[in-house]
Structures are given as structure tokens and as C-alpha cells.
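Note that the structure is predicted; figures quoted are calculated from it, not measured.
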Amino acid sequence: YAVSYRSIVPKRGECPNLLVPVCLSASHIAYGSVRMEPDFMVLAESAALAAALAIEAGGAVQDVPYGRLRELLEEAGQIIT
């Protein structure tokens with residue numbers, strides 16, 4: 001199943017420029033199914049690529065263009081859909 005990028009990025013007004021790949025925003029039931037090491041590795045890789053894009057663009061992680069992030073994730077071997 002897919003985990004949304006929004007689940008690892010707080011809203012801009014709450015905390016700008018923060019990526020949280022381990023304590024993601026999810027119900028306790030959903031969190032129970034993603035708290036496995038492979039899932040954490042994928043979330044961490046996704047956060048790292050998003051951070052690199054934000055740094056490259058000189059912007060916040062909330063402004064990372066998802067289309068470009070998705071391209072990088074697919075190039076890295078992640079299965080998006």
C-alpha cells in the first residue's frame with residue numbers, strides 16, 4: 001500500500017522544513033502496519049530525496065514538486081503504484 005508524502009511532512013504553519021519519516025502522521029492502526037524496517041527504510045529514502053530537492057531549489061520541503069520527487073523515487077527503484 002502507498003504512504004502519502006504528506007504523512008511525513010508537517011503543515012507549513014505547524015513546522016516548516018521538517019521531514020519525519022519514522023513518526024509519520026497516521027492512525028494507530030495504520031502506524032501498526034508501517035512500523036517495519038523495510039517501510040522505515042523506504043520512508044527515510046523518500047525523505048532524503050525530498051530534502052535534497054528542497055536544498056537544490058532553495059525552498060521548503062513543503063514546496064517540493066511531487067512530480068520530480070516521484071521521478072527520483074522511481075529511478076531509485078521504489079514502487080509508487
Side-chain angles (χ1 to χ4, degrees):
Y1 53 87
V3 177
S4 172
Y5 177 64
R6 292 178 300 181
S7 69
I8 67 171
V9 181
K11 294 177 185 172
R12 182 184 313 277
E14 294 174 356
C15 191
N17 245 356
L18 177 69
L19 291 159
V20 188
V22 177
C23 298
L24 59 134
S25 175
S27 69
H28 69 286
I29 295 170
Y31 185 74
S33 62
V34 293
R35 61 180 183 87
M36 307 277 290
E37 285 81 4
D39 296 320
F40 284 147
M41 288 187 288
V42 168
L43 290 167
E45 180 181 42
S46 302
L49 290 172
L53 285 173
I55 291 168
E56 191 177 274
V61 296
Q62 286 85 356
D63 298 327
V64 168
Y66 179 73
R68 179 66 182 130
L69 177 60
R70 181 183 176 132
E71 289 173 10
L72 291 175
L73 294 174
E74 288 175 338
E75 287 173 17
Q78 285 195 29
I79 299 169
I80 304 297
T81 55

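With hydrophobic clusters built from ILVMFWY side chains whose heavy atoms lie under 4.5 angstrom apart, V3 does not share a cluster with V42. V61 and I55 are members of different hydrophobic clusters when ILVMFWY side chains are connected at heavy-atom separations under 4.5 Å. Note: the hydrophobic cluster containing Y66 also contains I8 (ILVMFWY, side chain heavy atoms under 4.5 Å, direct or indirect links).
Counting all heavy atoms, side chain and backbone alike, L43 lies closest to P21 at CD1-O, 3.3 Å. Between Q62 and V9 the shortest heavy-atom distance is CG-CG1, 3.7 Å. In plain terms, the two heavy atoms of A50 and V64 that are nearest each other are O-CG2, 3.5 Å. In this structure, N17 and A60 approach most closely via the heavy-atom pair OD1-CA, 3.0 Å. Minimum heavy-atom separation, S46 to L69: O-CD1, 4.1 Å. Here the closest heavy-atom approach between residue V22 and residue F40 is recorded as O-CE2, 3.7 Å.
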Task: Q78 and L72: CA distance, side-chain angles, deciding distance, side chain to side chain contact (heavy atoms under 4.5 Å, CB included) verdict - done: CA-CA 9 Å; Q78 285 195 29; L72 291 175; over 6 Å; no

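Using a 4.5 Å heavy-atom cutoff, the side chains of L73 and R68 are not in contact. Within the 4.5 Å cutoff, the side chain of R70 has heavy atoms near those of the E74 side chain.
Counted within 6.0 Å of CD1 on I79, heavy atoms from surrounding residues, nucleotides or ligands total 12 or fewer; the atom is thus considered open.
Here CG of L49 is found 12.0 Å from CD of E71. Values are rounded to the nearest 0.5 Å.
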